[in-house]
There are 2 protein chains.
Amino acid sequence: MPPPASRPIGLTLARTARAVSRAFDARLAEAGGSLPVWLILLSLRTQALGNQRELANAVGIQGATLTHHLNAMERNGLVTRRRDPANRRVHLVELTPAGKELFGRLRETAIAHDRRLRRGLTSAEVASLEQLLDRLHVNVADDDPAVT
Amino acid sequence: MPPPASRPIGLTLARTARAVSRAFDARLAEAGGSLPVWLILLSLRTQALGNQRELANAVGIQGATLTHHLNAMERNGLVTRRRDPANRRVHLVELTPAGKELFGRLRETAIAHDRRLRRGLTSAEVASLEQLLDRLHVNVADDDPAVT
DNA sequence: GCCTAATCATTTGATATCTATCGTTCCTGA
DNA sequence: TCAGGAACGATAGATATCAAATGATTAGGC
């Protein structure tokens, strides 16, 4: 059983994802944002999150990492944090007007990026890509590492 | 023109890639390695690289980052670095026996990971996935950002 | 043959991320 | 009632990464 002759699919996946993320991040930087800031703004704007842990989960980062970003965003006047009076362990994170304004600008960037990414692909192809990616995800998320 | 109703494809791509990379890195760690170390060993073993810049390029990282990894690998006795007598700007990087031994172990891990990743996918599906990823890559690598 | 360009690697300084730990606040069961 | 544990977020310490500046060496132009 020789090693796979072609380039491993994981390598192609990692490199493509990095190139795409970097391109997106560069566009967001031009608009005054960054990838993590955009994901945080998006989650705050579109989901009702009870606490920072849920927010971190929605963004896909750890709580500690979220803390750093929220510190910076608070310093920059994008969000406010205050204790929930009903449960003083919980911090309520809210967008300021400046935060909402940045969200609007970054949303344009995100829409343009997505359009650019899909260029030349039919919606059936995009759907197929999504489905294949999901299957890779399932293959590694699987709790049974015994399968060789 | 509303934002795309479905989850942006870039987000699915980024999350899948992260999950896959993390799973692979965890396996490599069990075998005594890491993702960047594996890529460096693989490049050294399978390609004739003239200098560190080429090596960094093959691995897909910046020269500065490569320097850090080579420092650590040299400390751990996996590689040696010496000046090229013909061009004293160039460092020749070579695997030690311990480096070759680790390469062999990590290769097993990499083969198993690839097999796991492809589980349930036909080779036609994998080829289709590769081709779709390449098209995304081209879409962002494109030098013409005017296309919206 | 010199001075300037270019090339190669490293260092420096910054950001993003993780795991582990800590302090505070809340809740539950004896 | 109150002691122990759980939940929440912050902090500390570590690693990976990049861009920009620096140092050393070579190559080219005159």
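Note on naming: letters A, B, ... go to the chains in the order of the sequence lines (proteins, then strands), and numbering restarts at 1 for each one. Remember, predicted model here, so these are calculated numbers, not experimental data. All values below come from the heavy atoms of this structure, side chains included, with hydrogens, waters and symmetry mates left out.
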Round to the nearest Å and state the distance from B:I40 atom CD1 to D:dT17 atom C1'.
13 Å
Could you list the residues that satisfy side chain to side chain contact (heavy atoms under 4.5 Å, CB included) with B:A127, not counting sequence neighbours?
none
In the structure shown, which nucleotide is the Watson-Crick or G-U wobble counterpart of C:dA5, with both distances under 3.5 Å?
none
Whole-Å distance between D:dA19 P and A:D25 CG?
11 Å
Quick check for you: to the nearest 0.5 Å, what is the distance between A:L13 atom CG and A:L136 atom CG?
6.5 Å
note: B:L35, atom CG; D:dT15, atom P; distance rounded to Å ~ 17 Å
According to salt bridge (charged side-chain N to carboxylate O under 4.0 Å, His left out), does anything in residues 125-140 of chain A pair up with another residue at least two apart or in another chain? List the pairs.
A:E125-B:R135, A:R135-B:E125
Partner residues of A:R81 under the salt bridge (charged side-chain N to carboxylate O under 4.0 Å, His left out) criterion, sequence neighbours left out:
A:E74
I need a per-nucleotide contact map over nucleotides 12-23 of chain C, read 5' to 3'. Cutoff is protein heavy atoms under 4.0 Å; write B for the base, S for backbone only, - otherwise.
-----BBBB---
By salt bridge (charged side-chain N to carboxylate O under 4.0 Å, His left out), which residues pair with B:R105, not counting sequence neighbours?
B:E101
With A:L28 via side chain to side chain contact (heavy atoms under 4.5 Å, CB included) - residues at least two apart:
A:F24, A:L35, A:W38, A:L106, A:T109
Name all residues meeting the side chain to side chain contact (heavy atoms under 4.5 Å, CB included) criterion together with B:A58; count only those two or more places apart in sequence or in a different chain, and write none if there are none.
B:S43, B:Q47
For nucleotides 23-27 of chain D, give me every protein contact, N/O to N/O, under 3.5 Å, one pair per line with atom names.
unit_1	atom_1	unit_2	atom_2	d
D:dT26	OP1	B:R88	N	3.2

Qualifying salt bridge (charged side-chain N to carboxylate O under 4.0 Å, His left out) pairs with a residue from residues 30-54 of chain A, counting only residues at least two apart or across chains:
none
Suppose we screen for salt bridge (charged side-chain N to carboxylate O under 4.0 Å, His left out). Which residues come up paired with A:R83, at least two apart in sequence or across chains?
none
Is the base of C:dA5 syn or anti, if syn means a glycosidic angle within 90° of 0?
syn
Residues in side chain to side chain contact (heavy atoms under 4.5 Å, CB included) with A:N87, at least two apart?
A:D84, A:R89, A:V90
Sorted by number, the residues of residues 46-55 of chain A with heavy-atom contact under 4.0 Å to DNA chain C:
none
Suppose we define a pair by two distances each less than 3.5 Å, Watson-Crick or G-U wobble; what does D:dA10 pair with here?
C:dT21
